[in-house]
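The structure appears right after this line, and notes come after that.
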Amino acid sequence: MIKEYINKVNLIENQIKKEKRSFGSISFFRMASFFTAFIMILAGATDNNTLYVLVGVALLVVFIILLRIHAKISNRLTGLNARKEVIEGYISRLDGTWGSFPDNGSDFLAANDTVSRDIDLLGPYSLYQFMSVAHTETGRRKLAETISLKNIDKDHISERYEAVEELSKKADFVESFESISRRISKRKRRKELQFIEEKKLKLSAVVPFLMVLIPLVNIFVIVLAVLGMVSPNLILGAFVLCLIFTMACSEIRDRFMYPIHVLGYSAQDYYMLLKEISEEDFESKILSQIKEEVQGKDGLMKAIKRLSVLGEADNISYNPLIHMILNGMIGWDLWLTFNAAGWNKHFSGSITKSAEVIGSVEELISLAVLSILNKTCRPVVRTAGENGAVIEADMIYHPLIGGGRAVANTVKIGHGTTVITGSNMSGKTTFLRTLAINMALAYMGAGVCAEKLELGYMKLFTSMRVMDDVAGGISTFYAEILRIKEMAEYIAGDGDSSIPAACFIDEIFKGTNSADRIVGAENAIQKLSKGRGFVIVSTHDFELCDLKGADGREVKNYHFEEYYEGGELKFDYKIKDGRCTTRNAKTLLRMAGLMD
């Protein structure tokens, strides 16, 4: 698959070289036409030669045409470079270098979101960093809320999966959509879009009056000058007067043009994204509804198309000289203001709605990335109940361990307590994270990294990366107690909740001595096993293998172990029934040179 993506990159690089050659040629002719026009107009005004002035004006028109052609080539180059970056992103995901992606979702990671930290949903080397193809602020927010399980609708998991699965089979659409949205992230003022206040505005009557008067005045003076009835110098005088009138209305212009000015070229990108949606055939319910909203009679596509035309016209303001000439000759800003007022009247609110729609598609595409690059399956998520807490997983593996290094395991986790023992570095913690992160994927509506996964809908709790709080006077041990207390309190109120708890505890009470750890773990497991969910505990303390749950049932035991080959310590990372019977701490100490 990497070879296929590398070939795509090579093709795009060839296209970029061709566009750059065209870009250079147009740049030369554009500059030549501008300076020639400037010289001709200056000579005509100096010598009272109307012909020179008209030729100069004609060359200015040529310059404007070349300016537009130049902008289109620049736009194509931006798109090609964005497409190249998208493909290179897939290569990085496949070769394991995706940890260098700049967006890891850390800005969405709340201090109290222990689940996202423990199982790498957000932050460095996280699921978000691996999957995200969202480049708009709305798309990033929606994806972060979904991945951190803050925005999960358990009644629509199946519908979401159908949409994600459909997108995973539309690689060209996914690549094209991300390429365009990536361009938005490169535009200036991207974040300002979030603060645009869309409201109805009333246009002053002076705007339509001046937008008609100004071009008429200039045409009238030019005609009189051509006929020799007035001095050609009056053309410049009329131009300056009209420029003053136009600039006097700048406050009115800013009120109507602010959203358009903020979007700039992004208005065209938004339109292209909506067009991508409208031209694609979808079968899933969610994507079909999004398409209908985009292309309906008064849909978003119509609104953003008009906005993109206005935005493209407004981009002339980035060239001060051309902007000044157009304002003085035809009252350019007044015409833009008049059309912006018409757009505001009919389509106010469309920018926000478009951002939401595009963000929703970005979120779904991000979830599809996992299935595009990995072998995944559709999870079966059962409703809550006695059997709803059981997890049956065949060949389940961790989605973030790439390069063929992930080891798949088959396991069945039942209601109650499961204890996992094993030697150091044998895979206990990774297995807990593998189960938890795939459960999270299932609830998001994404494909899961397994050949089969059946599970109930549960609330995830974790106690893995427990840290002390020096400033708050909380030790690691007490911090873990607080984590487990939260689990126990939720389970104690389980009768009032339809969602059972799934608790993952790594190295339970590792922050205290072995005697207190065993007593504390025994009491904690008694409380946590009272619920309708399950608790999985990893430990080095074999004494915990003999514990019983609140209902008197013995805990289920699994283990990981090491083996020796050629005198070297090795691991197969395969889960096995029963308790562990081996230890390797002394071997590891000897390998580190800390024990003879």
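This chain uses plain numbering: 1 for the first residue, then up along the sequence.
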Any side-chain donor near an acceptor of the partner, [X] and [Y], under 3.5 Å:
X      : Y      : value
Thr462 : Arg433 : no
Asp506 : Ser538 : yes
Asp103 : Tyr128 : yes
Ser371 : Thr376 : yes

Check ion pair Glu356-Lys142 (N to O, under 4.0 angstrom) = yes
query = Is Glu137 salt-bridged to Arg141, going by a charged N under 4.0 Å from an acidic O?
reply = no
When you measure from the side chain of [X] to the backbone N and O of [Y], does any donor-acceptor pair fall under 3.5 Å?
X      : Y      : answer
Lys291 : Glu280 : yes
His559 : Ile420 : no
Asn81  : Arg183 : no
Thr539 : Glu507 : no
Tyr443 : Met458 : yes
Arg160 : Ile152 : no
Glu166 : Ser284 : yes
Glu480 : Phe509 : yes

note = Sequence neighbours excluded, the answer for ring-ring contact (aromatic ring centres under 6.0 Å, His included) partners of Tyr558 is none
key: Pairing residues for Phe431 by the ring-ring contact (aromatic ring centres under 6.0 Å, His included) criterion, not counting sequence neighbours   = Phe560
query = Do Thr434 and Ile396 come close enough that some side-chain heavy atom pair is under 4.5 Å?
reply = yes
request  = Compare all side-chain heavy atoms of Ile358 with those of Ile184 and state whether any distance is below 4.5 angstrom.
outcome  = no
message = To the nearest 0.5 Å, what is the distance between CZ on Phe504 and OG on Ser463?
response = 12.5 Å
ask   = Roughly how far apart are Thr430 OG1 and Ile437 CD1, rounded to 0.5 Å?
value = 11.0 Å
Counting only pairs under 3.5 Å, give me each side-chain donor-acceptor contact of residues 171-179, with atom names and distances, residues two or more places apart or in other chains.
{"residue": "Glu175", "atom": "OE1", "partner": "Lys8", "partner atom": "NZ", "Å": "3.2"}
{"residue": "Glu175", "atom": "OE2", "partner": "Lys8", "partner atom": "NZ", "Å": "2.9"}
{"residue": "Ser176", "atom": "OG", "partner": "Glu276", "partner atom": "OE1", "Å": "3.3"}
{"residue": "Ser176", "atom": "OG", "partner": "Glu276", "partner atom": "OE2", "Å": "3.1"}
{"residue": "Glu178", "atom": "OE2", "partner": "His135", "partner atom": "NE2", "Å": "3.1"}
{"residue": "Glu178", "atom": "OE2", "partner": "Arg182", "partner atom": "NH2", "Å": "3.4"}
{"residue": "Ser179", "atom": "OG", "partner": "Glu175", "partner atom": "O", "Å": "2.7"}

ask   = Could you go step by step and tell me if Phe130 and Leu370 meet the side-chain contact (heavy atoms from CB on, under 4.5 Å) rule?
value = CA-CA 8 Å; Phe130 178 85; Leu370 192 65; 3.8 Å; yes
inquiry  = Is there a side-chain contact (heavy atoms from CB on, under 4.5 Å) between Met131 and Leu441? Walk through the geometry before answering.
reply    = CA-CA 11 Å; Met131 296 172 65; Leu441 284 167; 4.2 Å; yes
Results of side chain to side chain contact (heavy atoms under 4.5 Å, CB included) for [X] - residues two or more places apart only:
X      : value
Glu165 : Tyr161, Ser168, Lys169
Asp572 : Tyr563, Lys574, Lys576
Ala442 : Pro379, Val381, Val448, Leu455

inquiry  = I'd like to know whether Met444 forms a side-chain contact (heavy atoms from CB on, under 4.5 Å) with Leu127, so could you lay out the CA-CA distance, the side-chain angles of the two residues, the decisive distance to 0.1 Å, and finally the verdict.
reply    = CA-CA 12 Å; Met444 296 173 205; Leu127 189 65; 3.8 Å; yes
Sole residue of Asp120, Asp118, Asp113 in salt bridge (charged side-chain N to carboxylate O under 4.0 Å, His left out) with Arg465 = Asp120
